Amino acid sequence: MTEHAERQGWMGLLARAPAARLAALMGDAPGFDWLRAPEVGGVMVRGRAGGTGAPFNLGEMTVTRCALRLATGEVGHACVRGRDKTHARQAALVDALMQGPRAAGVRAGVLDPLAAEEAARRHARAAKAAATKVEFFTMVRGEA
Amino acid sequence: MYVAVKGGERAIDAAHDWLAEERRGDPAIPELSLAQIREQMSLAVNRVMTEGSLYDPDLAALAIKQARGDLIEAIFLIRAYRTTLPRIGHSRPVDTGAMRCDRRISATFKDAPGGQVLGPTFDYTHRLLDFALAAEGEAPLARQAEPGPETVPRILDFLGRDGLIQEEPDGDATPPDLTREPLEFPADRALRLQSLTRSDEGFVLGMAYSSQRGYGRNHPFVGELRIGAVEVMMGIPELGFDVCIGDITLTECETVNQFTGSKTEPAQFTRGYGLVFGQTERKAISMALVDRALRWEELGEENVGAPVQDAEFVLAHGDNIQATGFLEHIKLPHYVDFQSELELVRKMRRGARAAQMQEAAE
């Protein structure tokens with residue numbers, strides 16, 4: 001699995017990114033052919049009894065998946081939450097571009113900003129949660 | 001039985017036109033956008049996603065708008081839409097231990113590592129109407145503080161380490177899926193959990209409450225309640241590895257319950273479990289209580305005949321779409337049924353009257 005860690009990293013980042021933000025960072029897209037045109041479907045999300053036990057079916061989520069091949073031959077895949085076909089197409093384009101000569105530019109222009117923004121979003125939420133953490137203090141009662 | 005009766009089309013069309021007009025309300029008032037519903041009615045959205053059994057906040061917002069705020073009608077719309085979706089696959093079981101928690105509390109350990117994080121809760125509010133909300137104001141801002149570690153340990157793991165709570169037998173068996181196979185009894189725990197998570201919140205709450213009041217009591221404590229985002233991972237066959245396909249928000253409740261023990265086994269606590277989409281806390285706690293009550297048989301407890309111990313009763317009646325369908329069909333034309341009953345009653349009365357007259361004559 002570790003050999004794929006880098007690609008897993010950017011595919012996940014692209015799936016979690018706000019579609020409008022990804023679109024704004026993309027710029028001009030290269031030419032491509034569909035291997036699988038964007039398709040909206042459901043994925044059954046599973047949980048585990050007690051959080052750690054045997055799996056059960058929790059409920060479905062909507063996803064959009066697609067696959068494409070750039071004119072230069074690289075194949076990109078995407079499977080992203082929601083029903084936004086543009087999101088899936090752009091995620092697959094970035095996935096493909098990251099396997100070719102433009103990888104460094106795409107990383108700097110698309111992935112790095114998305115990663116920084118996601119980290120900032122997560123940090124802001126964690127900071128709000130931290131502000132609601134209870135700081136207990138003990139009241140001393142009666143004779144010391 | 002009901003029969004097809006022609007002639008209602010014009011009335012039905014007119015009724016639907018009026019429904020659309022009433023749905024819009026006074027046109028002088030600005031129309032609600034789906035984004036407004038999604039952002040500002042988010043707990044309604046969460047309930048529709050949970051009971052509609054489909055995580056998609058935009059679709060849930062659309063359903064709520066179309067249903068004029070009738071959440072069961074909205075859930076019906078989502079369930080109907082869900083059946084049209086091709087099933088692309090299933091996720092890996094979500095790792096709620098890696099949740100980035102907005103809220104995380106324990107009623108059993110004050111000083112739990114990671115602390116008591118209240119999050120955006122109604123708890124401790126005074127439940128007084130806030131008339132400031134009746135006026136438009138500036139967007140409120142939450143306070144911030146330096147965050148701790150990204151994830152916090154599971155509280156029940158501390159009990160588990162000392163063997164003080166029953167272990168959850170893990171595994172990777174394919175769980176039964178009631179959206180594919182009709183619910184059958186006896187239902188194993190995986191099937192019960194799937195059924196409970198999509199059951200009606202009010203029904204599950206009532207069942208849970210009945211167990212607290214003594215109908216199948218099992219002494220629950222909320223060991224841990226956590227709400228936050230988890231990553232959904234799925235295997236992509238073409239790639240041969242797992243990828244994250246998005247974040248979803250979940251509410252998880254783990255209860256610590258009455259211990260059991262025997263001559264051979266030392267006493268230990270038992271567990272109940274609730275997991276639902278979105279911030280849906282009342283439902284998650286209710287689900288955990290009902291899950292625990294339904295485990296009486298596997299935990300060797302007595303069946304005291306409480307409704308909450310009866311899996312068939314609970315699971316067969318918790319689905320508000322099935323319940324609504326059967327309940328509301330009785331308002332559809334039953335003219336033929338009723339005519340036959342009317343005929344029967346008249347016949348019985350005629351018979352009784354004839355018998356009386358004959359008696360009087362004799």
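Predicted, not measured: the structure shown is a model, and the values here were computed from it. Chain letters run A, B, ... following the sequence lines, proteins first, then strands; residues in each count from 1.
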Max heavy-atom pairs within cutoff under 4.5 Å with chain B, candidates A15(A), G47(A), A49(A), A124(A), goes to A49(A)
T174(B) side chain near R46(A) side chain, heavy-atom distance below 4.5 Å: yes
Counting heavy-atom pairs under 4.5 angstrom with chain B, the leader among G9(A), P55(A), G12(A) is P55(A)
Closest-packed option against chain A by number of heavy-atom pairs under 4.5 Å, given M233(B), E254(B), R271(B), M49(B): E254(B)
Chain A contact via C101(B) - which portion, at a heavy-atom distance below 4.5 Å: backbone
So for P57(B), is it side chain, backbone, both, or neither that comes closer than 4.5 Å to the heavy atoms of chain A? side chain
Taking a cut-off of under 4.5 angstrom between non-hydrogen atoms, the residues of residues 65-81 of chain A near chain B are R65(A), H77(A), C79(A), V80(A), R81(A)
Would you please classify the geometry between the Y273(B) ring and the F56(A) ring as parallel, tilted or perpendicular, with 30° and 60° separating the classes? perpendicular
Region of Y55(B) in contact with chain A, defined by heavy-atom distances below 4.5 Å: both
Tell me which of these, G50(A), G41(A), A131(A), has more heavy-atom pairs under 4.5 Å with chain B than the rest. G50(A)
Tell me, out of G246(B), C244(B), G52(B), who's got the most heavy-atom pairs with chain A below 4.5 Å. C244(B)
The interface call for I236(B) against chain A, heavy-atom contacts under 4.5 Å, is side chain
Quick one: of V134(A), V40(A), L13(A), T62(A), who has the most non-hydrogen atom pairs under 4.5 Å with chain B? T62(A)
So what's closer than 4.5 Å to chain B heavy atoms on E39(A): side chain, backbone, both or neither? both
If I measure from the heavy atoms of chain A, does T179(B) come under 4.5 Å with its side chain, its backbone, both, or neither? side chain
Summary of salt bridge (charged side-chain N to carboxylate O under 4.0 Å, His left out) pairs that have at least one residue in residues 81-98 of chain B, sequence neighbours excluded: E60(A)-R82(B), E60(A)-R87(B), R87(B)-D177(B), R92(B)-D242(B)
In Å, rounded to the nearest 0.5 Å, how long is the span from CE of M44(A) to CG of L54(B)? 10.0 Å
Which residue out of Q194(B), E150(B), R189(B), R104(B) racks up the most heavy-atom pairs below 4.5 Å with chain A? Q194(B)
Expected contact set for residues 17-28 of chain A against chain B at heavy-atom separation under 4.5 Å reads none
Okay, L250(B) and chain A: the region with an atom under 4.5 Å from a heavy atom over there is side chain
Could you tell me which portion of V232(B) (side chain, backbone, both or neither) has an atom closer than 4.5 angstrom to a non-hydrogen atom of chain A? side chain
Sort out for me which of M11(A), R122(A), R125(A) touches chain B most, counting heavy-atom pairs under 4.5 Å. R122(A)
Is it the backbone or the side chain of R143(B) that comes under 4.5 Å from a heavy atom of chain A, or both, or neither? both
Are more than 12 heavy atoms from other residues, nucleotides or ligands located less than 6.0 Å from atom CZ of F32(A)? yes
Sort P169(B) into side chain, backbone, both or neither according to what part of it lies under 4.5 angstrom from a heavy atom of chain A. backbone
Please look at Q116(B) and chain A and tell me whether the side chain, the backbone, both or neither of the residue comes under 4.5 angstrom of a heavy atom of that chain. both
Does any heavy atom of chain A fall under 4.5 Å from the side chain of D172(B), the backbone, both, or neither of them? both
For the residue pair E238(B) and L35(A), establish whether any side-chain heavy-atom pair is separated by less than 4.5 Å. no
Greatest number of heavy atom pairs closer than 4.5 Å to chain A - which of T121(B), L239(B), D111(B): L239(B)
Could you tell me which non-hydrogen atom of N57(A) sits nearest to which non-hydrogen atom of T197(B), and how far apart they are? O-CG2, 4.5 Å
Test item: R48(A) side-chain N/O and G171(B) main-chain N/O as donor-acceptor pair under 3.5 Å: yes
For atom CD of E181(B), is the number of surrounding heavy atoms from other residues, nucleotides or ligands below 6.0 Å larger than 12? no
Has the side chain of S53(B) got a donor or acceptor atom that lies under 3.5 Å from a matching backbone atom of G59(A)? no
What heavy-atom pair brings G119(B) and T132(A) nearest, and what distance separates the two atoms? N-OG1, 2.9 Å
Determine the option with the most heavy-atom pairs under 4.5 angstrom with chain A, choosing from R154(B), E167(B), E146(B). R154(B)
Pick one of side chain, backbone, both or neither for E252(B), based on which atoms fall under 4.5 Å of a heavy atom in chain A. side chain
Taking C-beta and beyond as the side chain, do R83(A) and D58(B) meet within less than 4.5 Å on heavy atoms? yes
Under 3.5 Å donor-acceptor, D102(B) side chain and A129(A) backbone: no
Among V243(B), D56(B), T96(B), who wins on heavy-atom pairs under 4.5 Å with chain A? D56(B)
Quick one, T52(A) and D170(B) - any side-chain contact, counting heavy atoms below 4.5 Å? no
Applying salt bridge (charged side-chain N to carboxylate O under 4.0 Å, His left out) as the test, list every pair that has at least one member in residues 9-20 of chain A; sequence neighbours left out. R16(A)-E118(A), R16(A)-E231(B)
Gap separating the CE atom of M234(B) from the CE atom of M61(A), nearest 0.5 angstrom: 8.5 Å
